[in-house]
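Quick notes on the structure that follows.
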Amino acid sequence: MSSSPREPDDLPPFVAFASRHSAVIFFVLMLAVASFEGVALFAAKRRDARSAAAAPVQAADAVYRNARVWTGDSAQPAAEALVLRDGRLLYVGSSDSAARYVGPNTVVLDLEGRRVVPGFIDAHWHLSTTSSADLNGAGSVTEIASRLAAWAVGRSRDAWIVGRGWTATDFPDRQPHRRHLDALYADRPVLLTDRDGHQVVVNSAALRAANITRATPDPDGGRIVRDADGSPTGVLQESAASLVRRLVPPPTRADVARRIDALSRDAAALGITMVQEMSGRVPRGDVFDALREAAAADTLRLRWYVSVPFNPEVADSVLRQYVSLTDSLRGPWLRFWVAKGMLDGTVDARTAAMLSPYAGTTDQGLPFMTDAALRRGVQRYDSAGLQVALHAIGDRAIRQALDAFEAARRTNGVRDTRHRIEHVEVPDPRDVPRFRTLGVVASTQALFATPDVTTLQNYAPLLGPERAARSNHFKQFDDAGVVQAFGSDHPVFPMHVMRGIHVAVNRTTVEGTPRGGWYPEGRIALDAALHHFTRDAAYAAFLDGQVGILRTGMLADFVVLDRDPFAMPTDSLFTVQVERTVVGGRTSYLRGATVGASPAGRPTRPR
Ligand SMILES: [Zn+2]
């Protein structure tokens, strides 16, 4: 059972609209104003009105009819038609009733029985601003070499070689080492980030450029992995990675704007209508500027919920700036309300903070903050009214986060804070019910449960069977009535929503392995998985009441699928493709068509 979002009570001003009562009142007012306009228009056009008998209805911008709509709304779970006006849903119901809204300029589309669902919301996503060779699934050093060579074509010969997406299983003996890269590039610096983004492997040229030697101490919150003789292997974990990463030339402003557009197109093609950008960037510079400009020019193809850093030692003046930023970034396309912090690393890098050691080791991972610092920090952000999202993967880090949220509640009182724990991969079973008690959102990633070679040969053995059995176990949160928001953690995993749903429902790879699913008791039903990618992800960003379900008055964000996931075997869910994506009434993706070629780059209206 999936919990339904709770009624928000004490909300900051812009969020107040998200409360259902306010939404209803707003909508009634809107209807009143709208029908007044409708009456005026009607009267103007027909001064010689012959009959006042027919109740005037507003003409729609578009009517999508003859669809099978899964609304996600428990009050009206199914519908045939969506009627759109000014970017919102004017009516959700039967095709017959929708016909009343067709005026001379209304675009009418017959969806021929296609399945329609609310727009997908990716609750944990990163804008990767730097171009890099895609190393996902490489499988060997030879394959890594050929992908790097292909990426380097056309780049200057002294420039950095940058790649992303390796896992330990790509290297002999699962030991990434600079010697593998030195054999490829002796003089050009190479920086390869792992799939999870928590460690890099660099070559000797990069170590030289960063002046890292056997004498260099580990930085706070990081680890320089070393050979037996103490010399660096080239693997740099957590904060140690930035010793080299900061030397890579940053992208230009134009690069960033291009990346935003390119990634938005990719997302729209997968049915995504909103991303929650969880990088916790300082809110100045190219990314924020580019997003602000695009929002002002009305050229965004997705809705964005952006984050700032969570830093327990943040100056009061900076915290006040963040709070005032919530006033300026509160539009329907670009919003800010959340601070993102990191409490640990990942299981694969053995940096996730655990209550007991990784199997066969004495290593319990790498906590990034002391309990005292974290509590103080959460208390300050909470008191400022900001939402806090904490990356916590190991059971120790997850407990630390919950304890800090609980302490803030004691100090600051119970409010609708919707604090979140990101990833929350291996919670201790005793901590799962605390999410509901404390009103904390479990922000999980459906594709993290993919039983691929890394999961089976590195992740699971490191945890041991007891902890592996309850890792990325989405059912446990649903059973406990916790709000669970799904995301991809792109670019760690692809932002492919239907593949994520496939894994959540089957717990197999797309090839169907292992048969019957990996720890199948963690599987969830299709409608639960859809809710987590829509309604629950909207809740996690204070946008329930605006997006996430298809109901009259809500923003018109929805997806037309090529086949009906409810009418097919679950083992082929990953094959379902998106035919059309609509955000705020505009088509942001249409299969087989180039959308957004207008001079302003603005997604076109439905055709
Ligand atoms: Zn992330």
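Just follow the structure's listing: the first ligand is 1, and inside any ligand the first atom is 1. For reference, positions follow the sequence shown, starting with 1.
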Going by the rule salt bridge (charged side-chain N to carboxylate O under 4.0 Å, His left out), which residues pair with Asp452 if we only count those two or more places apart in sequence or in a different chain?
Arg195
Distance under 6.0 Å and angle within 45° of ring axis: Arg418 vs Tyr539
yes
Is Arg164 salt-bridged to Asp194, cutoff N-O under 4.0 Å?
no
Asp557 side chain near Phe120 side chain, heavy-atom distance below 4.5 Å:
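Not in contact.
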Report, one line per pair, each donor and acceptor closer than 3.5 Å where one atom sits in a side chain of residues 493-502; sequence neighbours left out.
residue, atom, partner, partner atom, Å
His496, ND1, Arg499, N, 3.2
His502, ND1, Asn506, ND2, 3.4
His502, ND1, Phe574, N, 3.2

In the protein, N/O/S atoms that are found under 2.8 Å from the Zn ion (ligand 1), waters not counted
His124 NE2, His126 NE2, Asp489 OD1
For His423, which residues count as a ring-ring contact (aromatic ring centres under 6.0 Å, His included) partner, sequence neighbours excluded?
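Checked His423 against ring-ring contact (aromatic ring centres under 6.0 Å, His included); matches are His124, His391, Phe448.
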